[in-house]
Trainee: 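My structure is below; once you've seen it, I'll send some questions.
By convention in this document, chain letters (A, B, ...) are assigned in the order of the sequence lines, proteins followed by strands, and residues within each chain are numbered from 1.
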Protein chains: 2
Amino acid sequence: MNHSQNTDGNAPVQGCETTKLSSKLRDAGLRPTKQRLSLAHLLYSQGNRHVSAEALHEEALGAKVDVSLATVYNTLHQFTDAGLLRAVAVESSKTYFDTNTTDHHHFFIENENRVVDVPASQIHVSDLPEAPEGMEIARVDVIVRLRKKD
Amino acid sequence: MNHSQNTDGNAPVQGCETTKLSSKLRDAGLRPTKQRLSLAHLLYSQGNRHVSAEALHEEALGAKVDVSLATVYNTLHQFTDAGLLRAVAVESSKTYFDTNTTDHHHFFIENENRVVDVPASQIHVSDLPEAPEGMEIARVDVIVRLRKKD
DNA sequence: ATTTGTGCAAATCGTTTGCATCTGA
DNA sequence: TCAGATGCAAACGATTTGCACAAAT
């Protein structure tokens with residue numbers, strides 16, 4: 001970490017990156033508020049991630065970014081609706097948000113409750129059935145469930 | 001519906017079928033209690049189904065089968081653990097239980113929140129990546145998400 | 001100034017659990 | 001008999017919502 005200090009009690013975001021993130025949010029039709037910028041920074045400055053709302057909230061607090069859990073939820077959904085995140089449904093209990101919105105699939109490690117990307121190039125799905133009349137395929141999700149051997 | 005009336009206030013289950021269901025439960029290591037038999041009957045006497053706990057509970061009440069929601073949940077999980085049902089994770093909020101435990105995949109109709117089977121023969125997944133060291137592939141789920149065209 | 005976002009706490013939803021009671025083998 | 005099931009209500013965890021306040025354009 002190489003952030004300069006500031007005085008508002010929130011984690012600073014570096015100037016250049018702030019600009020980029022601001023545009024990203026603005027392009028998505030979202031006002032670049034302090035909280036959204038901070039969360040975006042946490043989400044997008046360390047490669048592809050799969051986070052739950054709770055995890056991101058804790059991470060934010062740890063990074064001295066003062067946001068409420070409700071705002072984290074709101075923000076994650078706003079980002080998802082804007083196409084900046086993708087919600088991954090692996091098990092019905094917790095929602096995971098994936099910063100990788102390109103075409104790809106997932107490993108789900110059952111004992112650890114962890115999601116890992118699998119590049120689309122590494123799985124081929126063929127012979128997809130037709131979508132019924134009046135419907136179209138929105139997306140095909142492949143989840144490879146892994147468990148510890150024996 | 002073609003059930004004969006009885007007096008205990010619960011939906012009757014026909015004799016022959018009861019015997020089959022009893023064995024099915026017994027074979028799975030579950031005592032064939034009245035509630036489990038009734039729920040099994042609802043689940044398995046009308047082809048492959050995808051039900052939520054709540055839906056099954058309402059269906060049971062409608063059929064004059066007097067079970068509590070808690071028991072429905074317990075039963076669904078016991079059946080799942082016993083391999084009589086399969087839990088389908090399509091969206092993190094509700095769990096769907098599938099009476100089809102053979103190898104197959106799913107359509108998920110987004111606006112209707114409905115799950116439909118796709119025979120395994122109709123989708124081919126190839127070039128699966130290796131499972132990491134010490135892990136094995138427990139299952140591969142393919143979910144084809146459908147939405148209404150425009 | 002006006003609109004949009006935020007924080008908080010309370011509400012909601014699906015699900016699980018503790019415990020007293022009942023039931024099937 | 002008696003382990004195992006059930007029902008109920010209360011507990012629970014994840015998520016959403018209502019509303020007063022604060023920040024962004």
Trainee: Has A:R26 got a side-chain N or O lying under 4.0 Å from the OP1 or OP2 atom of D:dA24?
Mentor: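 No, because none of the side-chain N or O atoms of A:R26 sits under 4.0 Å from OP1 or OP2 of D:dA24.
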
Trainee: Below the 4.0 Å mark, does C:dT16 have OP1 or OP2 next to a side-chain nitrogen or oxygen of B:H77?
Mentor: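 Yes, within the criterion.
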
Trainee: Could you check how far CG of A:N74 sits from P of D:dT16, rounded to whole Å?
Mentor: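 These atoms are roughly 8 Å apart.
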
Trainee: When you measure from the side chain of B:T71, which nucleotide among D:dA14, D:dA24, D:dG7 comes out closest?
Mentor: D:dG7

Trainee: Should A:E91 and A:S93 be marked as a side-chain hydrogen bond (donor to acceptor under 3.5 Å, both in side chains) after you check the CA-CA gap, both sets of side-chain angles, and the distance that decides it?
Mentor: CA-CA 6 Å; A:E91 41 133 32; A:S93 73; 3.0 Å; yes

Trainee: As a test of reading the structure: which of C:dC8, D:dA14, D:dT15 is closest to the side chain of A:S68, going by heavy atoms?
Mentor: C:dC8

Trainee: For the side chain of B:R36, starting at C-beta, report the closest nucleotide among D:dT6, D:dC8, C:dG14.
Mentor: D:dT6

Trainee: Show every ring pair (Phe, Tyr, Trp, His ring centres under 6.0 Å) that has at least one partner inside residues 98-119 of chain A, sequence neighbours left out.
Mentor: A:H50-A:H106, A:H104-A:H106

Trainee: Quick check with a 6.0 Å cut-off and a 45 degree axis cone: is A:K20 positioned over the face of A:Y44's six-membered ring?
Mentor: no

Trainee: Check this one for me: any side-chain N or O of B:Q78 less than 4.0 Å away from OP1 or OP2 of D:dA5?
Mentor: no

Trainee: On the nucleotide D:dT15, are OP1 or OP2 found under 4.0 Å from the side-chain N or O atoms that B:S93 carries?
Mentor: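 False: B:S93 side-chain N/O out of range (4.0 Å or more) of D:dT15 OP1/OP2.
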
Trainee: For A:V72 and B:P32, find the nucleotide of DNA chain C closest to each by heavy atoms; which residue's nucleotide sits nearer the 5' end?
Mentor: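 In this pair, the answer is A:V72.
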
Trainee: Mark yes or no for a side-chain to base donor-acceptor pair under 3.5 Å between A:R31 and D:dT25, with no hydrogen or angle criteria applied.
Mentor: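 Under the 3.5 Å cut-off, the side chain and the base do not form any donor-acceptor pair.
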
